[in-house]
Novice: 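What follows is a structure written as structure tokens; I'll ask about it next.
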Amino acid sequence: IVYQNANIDSTTFQLPMMLESNTPYFWRINASNNCGVGDWTSWWTFRTTDAMIILLVDDDDNSPDMQSNYTALLDSVGLLYEIHDTNNSNNEPDFSTLQGFPLVLWFTGDEYGGYSGPGSEGESDLASYIDAGGHLLLSSQDYLWDNGLTSFGQNYLGIGSYLSDVSQNSVVGANLFEPLGAVSLSFPFSNWSDEVSPSSDAVLA
């Protein structure tokens, strides 16, 4: 049994978890009321899609607009995606939206001054999403500038401490990315990148 719930009181239900891709699942129901519990129905079945659809969260301020950089990359490798544009606000995807995607790519570009990266509600929904098996890649140089080090940053992003605006110009691959060696960075906007130190249970890339 992958999941069961004895307290569904509507005709629709959304699972609080991710399902494996290209996998058959079987489900059945029975009903109950004050008079007792009914018999189980016959089994129904469905198969999940083989495609991984990514949620691309456009959280930049469009100055410059970075969306085409991400869509071009995803198009080039044939990945499917849907776009959620925050429109320079905290109009962010909620848990029920996030839950439909195995991977969320969230970028903020040159945005700073209040809306760079997930706000408090967005962090709460992302925490629930990750707890349910979702995956997040956040690319932001001013998420910490705007939000500080929150419990989400510590417990889910693995941030131990950080230094703002060190203007990093190169990185060196570590662990899984060690074969990359030293890589030069280029920025299509002002470079206000931070230096982030991992928490004790985080692994550097």
Novice: Cluster question for you: counting only ILVMFWY and a side-chain heavy-atom cut-off of under 4.5 Å, with indirect links fine, are Ile83 and Leu79 together?
Specialist: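 Both belong to a single hydrophobic cluster.
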Novice: Applying side chain to side chain donor-acceptor pair (under 3.5 Å), name anything that partners Ser140, two or more places apart in sequence or on another chain.
Specialist: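 Applying side chain to side chain donor-acceptor pair (under 3.5 Å) to Ser140 gives Thr108, Ser116.
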Novice: Identify the two heavy atoms, one from Asp110 and one from Pro64, that lie closest to each other, and give their separation to 0.1 Å.
Specialist: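 Here Asp110 and Pro64 meet closest at CB-CD, 4.2 Å.
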Novice: Donor-acceptor check, side chain of Thr48 to backbone of Asn22, threshold 3.5 angstrom: yes or no?
Specialist: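 Such a contact is found between Thr48 side chain and Asn22 backbone.
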Novice: Grouping I, L, V, M, F, W and Y whenever their side-chain heavy atoms are under 4.5 Å apart, do Val166 and Val183 come out in a common cluster?
Specialist: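 Not linked; separate clusters.
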Novice: Show the numbers, then the answer: is there a side-chain contact (heavy atoms from CB on, under 4.5 Å) between Asn88 and Glu111?
Specialist: CA-CA 8 Å; Asn88 197 21; Glu111 168 62 36; 2.5 Å; yes
Novice: Taking atom NE2 of His135 and atom CG of Leu103, what is their separation to the nearest 0.5 Å?
Specialist: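 The NE2 atom of His135 sits 8.0 Å away from the CG atom of Leu103.
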Novice: Verify, without hydrogens or angle tests, whether Asn87 (side chain) and Ser89 (backbone) share a donor-acceptor contact under 3.5 angstrom.
Specialist: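 No, the answer is negative, given that no donor and acceptor are paired below the 3.5 Å cut-off.
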Novice: Search all heavy atoms of Asp85 against all heavy atoms of Gln67 and return the closest pair with its distance.
Specialist: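 Closest pair (atom of Asp85, atom of Gln67, distance): OD2-NE2, 4.2 Å.
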Novice: How far does CG of Leu176 sit from CG of Leu204, to the nearest 0.5 angstrom?
Specialist: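 Here the interatomic distance stands at 12.5 Å.
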Novice: Going hydrophobic residue to hydrophobic residue with side-chain gaps under 4.5 angstrom, can you get from Trp40 over to Ile1?
Specialist: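 No, no single cluster joins them.
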Novice: Let me see the working for His84 and Leu55 under side-chain contact (heavy atoms from CB on, under 4.5 Å), right down to the final yes or no.
Specialist: CA-CA 7 Å; His84 180 102; Leu55 181 61; 4.1 Å; yes
Novice: How close do Asp39 and Asn30 get, counting heavy atoms only, and between which atoms?
Specialist: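 Heavy atoms of Asp39 and Asn30 come nearest at O-CB, 3.4 Å.
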Novice: Which residues pass the side chain to side chain donor-acceptor pair (under 3.5 Å) test with Ser96, not counting sequence neighbours?
Specialist: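 Ser96 satisfies side chain to side chain donor-acceptor pair (under 3.5 Å) with Asp94 only.
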Novice: Closest approach of Ser76 and Leu73, non-hydrogen atoms and distance?
Specialist: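 Here Ser76 and Leu73 meet closest at OG-O, 2.6 Å.
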Novice: What distance do Glu82 atom CD and Ile53 atom CD1 have between them, rounded to the nearest 0.5 Å?
Specialist: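 Nearest 0.5 Å value for the CD-CD1 distance: 6.0 Å.
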Novice: Would you indicate whether the side-chain heavy atoms of Asp125 and Pro93 approach each other to under 4.5 Å?
Specialist: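 Counting from C-beta outward, Pro93 and Asp125 never come under 4.5 Å.
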Novice: Are Asp65 and Asp58 close enough that some pair of their side-chain heavy atoms sits under 4.5 Å apart?
Specialist: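 Counting from C-beta outward, Asp65 and Asp58 do come under 4.5 Å.
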Novice: Heavy atoms only: give me the nearest Tyr129-Phe101 pair and the separation to one decimal.
Specialist: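 Heavy atoms of Tyr129 and Phe101 come nearest at OH-O, 2.8 Å.
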Novice: Go through Tyr25 and Val2 one step at a time and tell me if the side-chain contact (heavy atoms from CB on, under 4.5 Å) criterion holds.
Specialist: CA-CA 9 Å; Tyr25 287 91; Val2 176; 4.2 Å; yes
Novice: Shared ILVMFWY cluster between Leu126 and Leu149, side chains joined below 4.5 angstrom?
Specialist: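 Yes, same cluster.
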Novice: Do Leu74 and Leu105 pass the side-chain contact (heavy atoms from CB on, under 4.5 Å) test, and can you show the C-alpha distance, the side-chain angles, and the key distance before you say yes or no?
Specialist: CA-CA 11 Å; Leu74 295 174; Leu105 298 180; 4.1 Å; yes
Novice: Of all the heavy-atom pairs spanning Arg28 and Trp44, show the shortest one and how long it is.
Specialist: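 So the minimum-distance heavy-atom pair works out to CA-CE3, 4.4 Å.
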Novice: Just by distance, do the side chain of Thr41 and the backbone of Ile29 share a donor-acceptor pair under 3.5 Å?
Specialist: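 Answer holds: yes.
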Novice: Tyr70 vs Phe107 aromatic rings, parallel, tilted or perpendicular, using cut-offs 30° and 60°?
Specialist: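 The rings of Tyr70 and Phe107 lie parallel, inter-plane angle below 30°.
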Novice: Which residue pairs pass the side-chain hydrogen bond (donor to acceptor under 3.5 Å, both in side chains) test when at least one of the two sits in residues 154-171, sequence neighbours left out?
Specialist: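 Qualifying pairs, neighbours excluded: Asp131-Tyr156, Asn169-Asn191.
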Novice: Sequence neighbours excluded, which residues qualify as ring pair (Phe, Tyr, Trp, His ring centres under 6.0 Å) partners of Tyr3?
Specialist: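 Counting only residues at least two positions away or on another chain, Tyr3 forms a ring pair (Phe, Tyr, Trp, His ring centres under 6.0 Å) with Phe13.
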Novice: Check the hydrophobic clustering (I, L, V, M, F, W, Y; side-chain heavy atoms under 4.5 Å; chains of links allowed) and say if Trp192 and Leu144 are grouped together.
Specialist: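 Different clusters: Trp192 never reaches Leu144 through Ile, Leu, Val, Met, Phe, Trp or Tyr contacts under 4.5 Å.
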Novice: Which residues satisfy the side chain to side chain donor-acceptor pair (under 3.5 Å) test with Asn175, sequence neighbours excluded?
Specialist: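 Asn175 satisfies side chain to side chain donor-acceptor pair (under 3.5 Å) with no other residue.
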Novice: Output yes when a side-chain donor or acceptor of Asp59 lies under 3.5 Å from a complementary backbone atom of Gly117, and no otherwise.
Specialist: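 Yes; judged by distance alone, with no hydrogens or angles, the pair exists.
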Novice: Only counting residues at least two apart or in another chain, list the ones meeting side-chain contact (heavy atoms from CB on, under 4.5 Å) with Leu157.
Specialist: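 For Leu157 the side-chain contact (heavy atoms from CB on, under 4.5 Å) partners, ignoring immediate neighbours, are Leu136, Leu138, Tyr143, Phe152, Ile159.
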Novice: So, taking the atom named CH2 in Trp106 and the one named CD in Glu92, what distance separates them when rounded to the nearest 0.5 Å?
Specialist: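 If we round to the nearest 0.5 Å, Trp106:CH2 and Glu92:CD are 4.0 Å apart.
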Novice: Assess whether atom CZ of Phe177 is packed by more than 12 heavy atoms of other residues, nucleotides or ligands within 6.0 Å.
Specialist: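 Incorrect, the count does not exceed 12.
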Novice: Between Thr150 and Glu123, is any pair of side-chain heavy atoms under 4.5 Å apart?
Specialist: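 Touching, per the 4.5 Å side-chain cut-off.
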Novice: Assess the side chains of Tyr112 and Asp61: does a donor N or O sit below 3.5 Å from an acceptor N or O?
Specialist: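 Not at all, the side chains of Tyr112 and Asp61 share no donor-acceptor pair under 3.5 Å.
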